[in-house]
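All residue numbers in this chain count up from 1 along the given sequence. What's counted below: heavy atoms across the whole structure, side chains too, no hydrogens, waters or symmetry copies.
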Amino acid sequence: MSDSYPELIRLLKRAHVLGTVSGLLGWDEQVFLPPDSTDLRAEQLALLAELDHEASADPAIGRLLTELETPAGLASLDPAARVVVREARRDYDRVTRLPPAFVAEKARLSSAAYHAWADARAKSDFAAFAPFLQQHLDLARREAELLGWGDRPYDYAIDQHDPGMDAARIAALFTELKAGLLPLVREIAASPVRANPALLRGFPVADQLVFLREVTAALGFDYRRGRIDVSLHPFCSGPGADIRMTTRFDPDSPLDSLFGSIHETGHGLYEQGLPLDHQGTPLGENAGMAVHESQSRLWENQVARGRAFWRHFEPRFRALFPGPLAGVSSDDLYLAINAVEPTLIRVESDEIHYNLHILLRFDLERRLFSGELAVADLPAAWNALSKELLGLTPANNREGVLQDVHWSGGAFGYFPSYCLGNMMAAQLWDRVRQNIPALQEDFGRGDFSRLLAWLRTHIHAQGRRFDARALVREVTGNELSPQPLLAYLRERYQPLYGSIVKESGARIQ
Ligand code: ZN
């Protein structure tokens, strides 16, 4: 018995290391791979996926878990080790209860569906993608059945990304959020204040890279165990010991690259803050998508869109880009940073409307899984909701139901995490400002160390000890709620767009 736990850890770490090799090859594929080398890369990735699956589904892991789960086994473990056993069981069941033929079928469908989606999107032709989406829905239901969630397939999909979360809880949170969000959106829409997106043009890419590296390093990203490169779609991958982030540059949209990079840095800081000693075990792994997203959004929005952050960084920004910023006042720059405008496209959305994009997707997924909505009726349902929530109707399916990649990979139940992450970020932001009242003064000096240390202690160091809801309860003493997010959005945007501007003519924050 005494050898069982160390042996379990050894096997878990072995599987983890294999997974990180796949991750590295995947990163390389999107950043550096020569165009005609994709066939070999596909073979490499397929072989590693097979080895990874063998290592994760090793029957020895199952035997060790069964031993450690006996009363005597559990009694021999400290609380942290019990977390490892609990979470390793969850992972092991997921890996072993899906027959290899099912896994292969899902992989084949995802590959075919991805290409069908890309093609359908280019042609704005939903009917060409519909059969693939239907097959993915059927597979998702079968997968839930195999894992013992046959009566709650959508809850199973959600639980994969956010353990402990389910559709009924999310629906209640989103209903409350919507009730508070729509009046704020209407208030901003009625404001005469408008950001001017054409203001920021001609920012040389090389200097954009210099600036974003300085910013992200100041936030605390450790470039000795991570790097940032360029890819078509920005992402952050790899374990804390070796983080690979990416961004993309446009001389005429310098803020997109900067805020995208700060977002990915938030993900990277979380992974770098997970306990290194426990890497490859649940104590060194992230607590799910909502928690991950709370970290990226807190840095991107609460921190980097704030006045104090720009008090520190604006002089350097101007020094690097004197030409493009010559005619741009500080107030106009700050307004551009906090521009609010409804858009049809989720990834181009500001942080207020973004939540409405998620409410739309959640509602449709839920109805698809309940059978209330047929795949064929999805575009019409999408457009109706888009009109209701965003006030905009897509002119075609390309800017409507076909805009996101997620469903082509069968990733249902993933969208809600983005919005749950926003809620959680605001709730943590509330708490950390109570704990460290002088935080804004820190930011004004370019010092983010006390915020990072707080996140390290309260969030990062926990690994998978708590799911998202339990973690919020543990750290803030309250249940996850949309109210802190609504309060934060009002606090930030009403002074910029709201009544205070109209009355005094000055922007106050
Ligand atoms: Zn993210």
Side-chain angles (χ1 to χ4, degrees), residues 174 176-201 250 252-260 262-263 266 293 296-310 314 328-361 385-394 399 403 415 418-419 421-423 425-426 429 482-509:
F174 283 7
E176 192 182 337
L177 178 66
K178 183 178 154 187
L181 213 48
L182 291 180
L184 179 63
V185 166
R186 280 194 290 270
E187 199 180 321
I188 293 174
S191 164
V193 180
R194 278 284 161 279
N196 178 5
L199 216 54
L200 305 177
R201 300 245 177 256
D250 176 346
D252 296 332
S253 303
L255 297 179
D256 287 354
S257 174
L258 178 65
F259 282 95
I262 294 172
H263 179 97
E293 209 57 27
S296 56
R297 302 214 172 211
L298 188 142
W299 289 102
E300 177 192 354
N301 295 327
Q302 273 82 3
V303 176
R305 292 188 198 277
R307 285 274 192 212
F309 178 94
W310 283 96
E314 189 181 333
V328 181
S329 73
S330 290
D331 276 352
D332 285 340
L333 175 62
Y334 190 63
L335 194 58
I337 287 161
N338 288 288
V340 178
E341 202 68 57
T343 156
L344 287 163
I345 307 297
R346 175 183 60 88
V347 296
E348 293 170 5
S349 190
D350 59 75
E351 63 167 327
I352 297 180
H353 287 96
Y354 194 97
N355 298 294
L356 297 172
H357 281 275
I358 299 307
L359 266 51
L360 177 155
R361 286 154 179 77
L385 262 182
S386 178
K387 177 76 186 150
E388 181 195 328
L389 292 170
L390 300 164
L392 303 170
T393 307
E399 53 184 39
Q403 67 179 269
F415 286 119
Y418 296 120
C419 188
N422 282 340
M423 290 184 198
W429 179 239
Q483 293 307 327
L485 174 60
L486 289 166
Y488 153 76
L489 292 174
R490 280 188 225 109
E491 179 187 316
R492 168 139 306 156
Y493 291 97
Q494 274 177 335
L496 276 170
Y497 292 91
S499 51
I500 299 170
V501 177
K502 278 177 238 160
E503 280 159 22
S504 69
R507 296 193 193 98
I508 304 161
Q509 189 168 13

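Ser296 contributes a side-chain N or O that, together with a main-chain N or O of Glu293, makes up a donor-acceptor pair within less than 3.5 Å.
If you take CD on Gln494 and CG on Leu184, they are separated by 6.0 Å, rounding to the nearest 0.5 Å. Here CG of Asn422 is found 11.0 Å from CD1 of Ile352. Values are rounded to the nearest 0.5 Å. Glu351 contributes atom CD, which lies 7.5 Å from atom CD of Glu300 (distance to the nearest 0.5 angstrom). Taken to the nearest 0.5 Å, the CG atom of Asn355 stands 5.5 Å off from the CG atom of Leu485. A distance of 9.5 Å separates CD in Gln302 from CD in Glu491, rounded to the nearest 0.5 Å. In this structure, CZ in Arg201 is found 8.0 Å from CG in Asp250, a value given to the nearest 0.5 Å.
Side-chain atoms of Ile262 and Phe309, non-hydrogen and from C-beta on, do get closer than 4.5 Å to each other. The shortest side-chain heavy-atom distance between Val185 and Leu389 does not fall under the 4.5 Å cut-off.
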request  = Please lay out, stage by stage, how Arg346 and Tyr354 fare under the test side chain to side chain contact (heavy atoms under 4.5 Å, CB included).
outcome  = CA-CA 6 Å; Arg346 175 183 60 88; Tyr354 194 97; 2.8 Å; yes

key: Working for side chain to side chain contact (heavy atoms under 4.5 Å, CB included), residues Leu356 and Leu181   = CA-CA 8 Å; Leu356 297 172; Leu181 213 48; 3.8 Å; yes

request  = Please lay out, stage by stage, how Ser386 and Leu360 fare under the test side chain to side chain contact (heavy atoms under 4.5 Å, CB included).
outcome  = CA-CA 7 Å; Ser386 178; Leu360 177 155; 4.0 Å; yes

key: His353/Glu341 under side chain to side chain contact (heavy atoms under 4.5 Å, CB included): CA gap, chis, key distance, verdict   = CA-CA 8 Å; His353 287 96; Glu341 202 68 57; 5.9 Å; no

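If you run side chain to side chain contact (heavy atoms under 4.5 Å, CB included) between Val340 and each of Leu496, Leu489, Asp350, only Asp350 comes through.
At a threshold of 4.0 Å, the pair Glu187-Arg490 does not count as salt-bridged, since none of the basic side-chain nitrogens sits closer than that to a carboxylate oxygen.
For the pair Leu344 and Gln403, the tightest heavy-atom approach, listed with the atom from each and the gap, is O-NE2, 3.0 Å. The two atoms that bring Arg492 and Asn301 nearest to each other are NH1-O, 2.7 Å, heavy atoms only. Between Ser349 and His357 the shortest heavy-atom distance is OG-CD2, 3.6 Å. In terms of heavy atoms, Leu359 sits closest to Leu177 at CD1-CD2, 4.2 Å. The heavy-atom pair separating Tyr334 from Arg305 by the smallest distance is OH-O, 3.0 Å. In this structure, Leu200 and Ala336 approach most closely via the heavy-atom pair CD1-CB, 4.2 Å.
Geometric assessment of Arg361 against the ring of Tyr418 yields a negative cation-pi assignment under the 6.0 Å and 45° thresholds.
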